[in-house]
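Letters go in sequence order (proteins before strands), and every chain restarts at 1. Here the structure is a predicted model, which means the values were calculated and not measured.
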Amino acid sequence: MSALGTDSMKDDKKMAADGGFEPNIVGFLCNWCSYAGADLAGTSRMQYPPNVKIIRVPCSGRVNPLFILKCLMDGADGVLISGCHIGDCHYSEGNYYARRRFAVLKNFLEYIGIDPRRFQMSWVSAAEGDKWAKVVKEVVEDIRNAGPNTISAEKK
Amino acid sequence: MKIGVFVCHCGTNISHTVDVEEVAKAAAKLPNVHFATTYKYMCSSPGQALIADSIKEKGLDRIVVSACSPSLHEKTFRKCLEEAGINPYLVEMANIREHCSWVHSDRAQATKKAIELVKLSVAKVSRSKPLSKSFIPIEKRVLVIGGGISGIQAALDVSFAKFPVVMVEKEPSIGGKMAKFDKTFPTLDCAACILTPKMVGVAQNKYVTMHTFSEVVEVSGHVGDFTVKIKKKARSVDLKKCTGCGACYAKCPVKVTSEFDEGLGKRKAIYVPFPQAVPNVPVIDRNACLWFTKKTCGLCKKVCAIGAIDYDQEDEIIEEKFGAIIVATGFKQFDHSVYGEYGYGKFKDVVTGMHFERMANSSGPTGGKIVRPSDGKEALDVVFIQCVGSRDEQKGVPYCSRVCCMYTAKHATLLREHNKNAQAYVFYIDVRAAGKNYEEFVKKAQDEYGAVYLRGRVSRVFEKGGKLIVRGADTLSGSQIEIKADLVVLANGLIAQDDATTIAQMLHIQYDKNRLFTEAHPKLAPVETITSGIFLTGACQSPKDIPDTVATASAASVKALGLMVHDKLEKDPLVARTNNDLCSGCKACYLACPYSAIEMVEIEDRKLKRKRMVSRVIEGVCAGCGNCTAVCRMGAIDVEGFTNRQIMRQIEAL
Ligand SMILES: Cc1cc2nc3c(=O)[nH]c(=O)nc-3n(C[C@H](O)[C@H](O)[C@H](O)COP(=O)(O)OP(=O)(O)OC[C@H]3O[C@@H](n4cnc5c(N)ncnc54)[C@H](O)[C@@H]3O)c2cc1C
Ligand code: FES
């Protein structure tokens, strides 16, 4: 059992009409690659689950670790960060910072008892609409398996 | 605060999966939302008029447009707000088309998500601040670094538009590699005939200032306003007085090997590198000159009638301002000493393509004869080895140097032209001749000039009976061959200059794993760099032949001129800013900034009654990536348009 201990508890609010759990996921996407990749998935009419809500940021390196903690504390079931492929960052180095920073954060989250599946990273270029759709499908599936995040319920 | 939400049908692109009326209804209930409505095409003129009118009639002060991707229409709606009289940065777009209606099919789910996306944008815009565009004044002068054919062409193009150009060349003369060539492929024009007029054109141009024997040592500032320090090395000859009569080097008793002739010939201690040098003013090599080494001789000073020789000259550093910089520092030839099997260094008669150029040149060290450097006898059987260093990930560089196939075909042709009894053998891997009239040129070298092309690698070169034996495979016939050669010419690839990384760091431009300068976009911005105001031309970006070099030079000039015609440059205000009260001066942002857009400055802290250091963003350089904000422990630095407050509010909204 994890430190916060409640990963397996069910939160009724998050149940869809048919009884399945629909995770609420926040996606931080860099403007130049991943956001444009998600746009391309749209223009190419690729279908994927609606669980990820995108917050546009200039660069994956813009994402402050606090944002992720805040998401999870406020009850998001998962957080996804997506940026340009390593070496392709529009600002040349931003995603190197992001990669390092979030590798540490992921360990930390696990350490304090948060299912590591709740926090994921991906590199999706502006030309990879299909990859974006695939990433969303996988992440949603992963987090669905992780179950609802009940940290915020405990907070109250 | 009165937020207006405008939900677009986008014809049926959105409305067929998203219930737009439902979205507007839900939006109207969100905090601070004063008005919400829908329209068929929000980006159309009537759509924009609807927004503008609502702003005026309902007193809206912030807008959310719930439609397509901001990459398509953010600018459109910013302009719409501006025209309606409110700050253009108080609009947010909710992307319910690309990120919703087009990727989901369940109407209920899509509508629910669309409402969430609108919520996010409403949350963000409620924390937006009015921003104003800043303007950067432009210094109307262009710096060109490097005086090869690329720098020369760039300087001529910029000066033609009547903007002042300063050219900095590290050698005593401009001209670059092209000045060494005999003839140029694919037309076999004499290199000097087409280059010299351009060199003179630079020297005589009233808009161009040349600093030869000079280097750029420091660059600061940003687009429109670069401050550059140029070191003018002591030439020991007064550029203004010297008439180029040549009496000094005629009398100079010291002979050393000539760099320009690739070591095949000699020059004096006071010298012009080649007869057509521009400027035609000699320079004293202080390491060789007797006056500087032993305080003797002094002949040159004695023979110079106008007193142009100045032994006391010192290096001088000048500082100048520029609005744009064109980098044209060219290439260096690959150092083939890693290929022991080719015997370079061991055998005098194994040379490089550049040596061949000097020998073929009638004003070169051999007077235009292709000879064996070992004994000066004319070379009859000449073996050319292609791809030396190129396309070799183990020992060389992974890329193709693009010009070697062509210059080897040129050499094979010139060999026959200089001596009709000579025979060229070319060992190649593939012949790459993709330019206009290039394939034809290579074919001509084979058909009309009798060059024998052998597909395969050379395994060894060794000496036997005064000849070089070249042993290699002919993969087409599947046989081993040995050729008795008088001369072996290596087609060395083109690589980055030794100081490429230093130059790149000084200019804050990128370089790739081969140390070649990186363009801002490989297809759509090939002569720009990620640092605005700095442009690339010629072989410093990637190996290029002369036609491509000249084309990129003109392209870079147009980019620089595009800046020069403006008095000031509009700058998007979406940049970082430091809050001095919170900044602890820890330098984390300073270190994280990929653009070196942050400087540390001292401020007077009135509360603490002492001076302390804080970070300051140089607006002209900042690209707004926000990497500084993520490392700031104090939350003191924030990036406009994507502030911590805005993003935190978005997170809370979900
Ligand atoms: C053997 C050989 C034969 C060739 N033959 C042909 C041919 O026949 N036809 C053809 O189209 N192409 C040919 N090429 C290719 C041709 O050489 C290039 O296209 C051309 O020289 C590129 O010009 P550039 O100005 O970019 O570089 P360069 O010619 O290298 O000039 C760069 C200049 O910048 C100066 N510089 C470097 N660093 C600094 C610094 N830090 N500060 C100030 N100045 C600096 C250098 O001193 C030099 O003058 C040949 C190449 C080789 C190697
Ligand atoms: S801009 Fe995409 S990761 Fe930096």
Student: Please tell me if the side chains of A:Val135 and A:Val124 come closer than 4.5 Å, counting only heavy atoms from C-beta onward.
Tutor: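 Result yes, sub-4.5 Å side-chain heavy-atom pair found.
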
Student: Who passes ring pair (Phe, Tyr, Trp, His ring centres under 6.0 Å) against A:Phe119, sequence neighbours left out?
Tutor: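 Ring pair (Phe, Tyr, Trp, His ring centres under 6.0 Å) list for A:Phe119, sorted by chain: A:Phe102.
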
Student: Highest number of heavy-atom pairs under 4.5 Å with chain A: which of B:Leu120, B:Ile647, B:Leu654?
Tutor: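 Most pairs with chain A among the choices: B:Ile647.
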
Student: Looking only at heavy atoms, what is the nearest atom pair of B:Ile637 and B:Ser615, with distance?
Tutor: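 Closest pair (atom of B:Ile637, atom of B:Ser615, distance): CD1-OG, 4.3 Å.
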
Student: Can you find a pair of side-chain heavy atoms, one from A:Ile68 and one from A:Ile81, that are under 4.5 Å apart?
Tutor: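 They are in contact (side-chain heavy atoms under 4.5 Å apart), so the answer is yes.
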
Student: Considering non-hydrogen atoms only, spot the tightest contact between B:Ala114 and B:Val23 and give its length.
Tutor: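 Minimum heavy-atom separation between B:Ala114 and B:Val23: CB-CG2, 3.9 Å.
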
Student: Top residue by heavy-atom pair count (under 4.5 Å) with chain B, among A:Ile54, A:Val57, A:Leu66, A:Val136?
Tutor: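 Sorted descending by pairs with chain B, the first entry is A:Ile54.
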
Student: Taking only residues two or more places apart in sequence or in another chain, which ones pass side-chain contact (heavy atoms from CB on, under 4.5 Å) with A:Cys71?
Tutor: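 Per chain and number, A:Cys71 pairs via side-chain contact (heavy atoms from CB on, under 4.5 Å) with A:Val26, A:Phe28, A:Ala76, A:Val79, B:Ile651.
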
Student: Determine the option with the most heavy-atom pairs under 4.5 angstrom with chain A, choosing from B:Gly624, B:Gly641, B:Cys632, B:Ala592.
Tutor: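 Among B:Gly624, B:Gly641, B:Cys632, B:Ala592, the one with the most close pairs to chain A is B:Ala592.
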
Student: For chain B and chain A, what donor-acceptor pairs lie under 3.5 Å, backbone included?
Tutor:
{"residue": "B:Ser69", "atom": "OG", "partner": "A:Asp39", "partner atom": "OD2", "Å": "2.4"}
{"residue": "B:Ser71", "atom": "OG", "partner": "A:Asp39", "partner atom": "OD2", "Å": "3.4"}
{"residue": "B:Glu74", "atom": "OE2", "partner": "A:Arg56", "partner atom": "NH2", "Å": "2.9"}
{"residue": "B:Asn95", "atom": "ND2", "partner": "A:Tyr35", "partner atom": "OH", "Å": "3.3"}
{"residue": "B:Asn95", "atom": "ND2", "partner": "A:Asp39", "partner atom": "OD1", "Å": "3.0"}
{"residue": "B:His99", "atom": "NE2", "partner": "A:Asp39", "partner atom": "OD1", "Å": "2.8"}
{"residue": "B:Trp102", "atom": "O", "partner": "A:Gln47", "partner atom": "NE2", "Å": "3.2"}
{"residue": "B:Val103", "atom": "O", "partner": "A:Tyr48", "partner atom": "N", "Å": "3.1"}
{"residue": "B:His104", "atom": "ND1", "partner": "A:Tyr48", "partner atom": "O", "Å": "2.8"}
{"residue": "B:Ser105", "atom": "N", "partner": "A:Gln47", "partner atom": "OE1", "Å": "3.4"}
{"residue": "B:Lys113", "atom": "NZ", "partner": "A:Val52", "partner atom": "O", "Å": "3.3"}
{"residue": "B:Leu591", "atom": "O", "partner": "A:Tyr97", "partner atom": "OH", "Å": "3.4"}
{"residue": "B:Ala592", "atom": "O", "partner": "A:Tyr97", "partner atom": "OH", "Å": "3.1"}
{"residue": "B:Thr629", "atom": "OG1", "partner": "A:Arg62", "partner atom": "NE", "Å": "3.4"}
{"residue": "B:Thr629", "atom": "OG1", "partner": "A:Arg62", "partner atom": "NH1", "Å": "2.7"}
{"residue": "B:Asp638", "atom": "OD1", "partner": "A:Arg62", "partner atom": "NH2", "Å": "3.4"}
{"residue": "B:Phe642", "atom": "O", "partner": "A:Arg62", "partner atom": "NE", "Å": "3.1"}
{"residue": "B:Phe642", "atom": "O", "partner": "A:Arg62", "partner atom": "NH2", "Å": "2.7"}
{"residue": "B:Asn644", "atom": "OD1", "partner": "A:Arg62", "partner atom": "NH1", "Å": "3.4"}
{"residue": "B:Asn644", "atom": "OD1", "partner": "A:Arg62", "partner atom": "NH2", "Å": "2.9"}
{"residue": "B:Glu652", "atom": "OE2", "partner": "A:Lys70", "partner atom": "NZ", "Å": "3.0"}

Student: Find the one option among A:Gly94, A:Gly61, A:Ala38, A:Cys59 whose heavy-atom pairs under 4.5 Å with chain B are most numerous.
Tutor: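 With the most close heavy-atom pairs to chain B, the winner is A:Gly61.
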
Student: Report which part of A:Pro49 has an atom under 4.5 Å of a heavy atom belonging to chain B: side chain, backbone, both, or neither.
Tutor: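 The backbone, not the side chain.
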
Student: Output the option from B:Cys100, B:Cys68, B:Pro70, B:Cys628 having the highest count of non-hydrogen pairs under 4.5 Å with chain A.
Tutor: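 Result: the option with the highest number of such pairs is B:Pro70.
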
Student: Is the closest side-chain heavy-atom distance between A:Leu109 and A:Leu72 below 4.5 Å?
Tutor: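 Yes; the side chains approach each other to less than 4.5 Å.
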
Student: Using a 4.5 angstrom heavy-atom cutoff, name the option from A:Ile55, A:Val52, A:Val63 with the most pairs to chain B.
Tutor: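 The option with the most such pairs is A:Ile55.
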
Student: Applying side-chain hydrogen bond (donor to acceptor under 3.5 Å, both in side chains), can you list everything that pairs with B:Ser134, at least two apart in sequence or on another chain?
Tutor: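 Partners of B:Ser134 under the side-chain hydrogen bond (donor to acceptor under 3.5 Å, both in side chains) test: B:Glu619.
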
Student: With side chains defined as the heavy atoms from C-beta onward, is the minimum distance between B:Val5 and B:Val118 less than 4.5 Å?
Tutor: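 Heavy-atom side-chain distance check passes, below 4.5 Å.
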
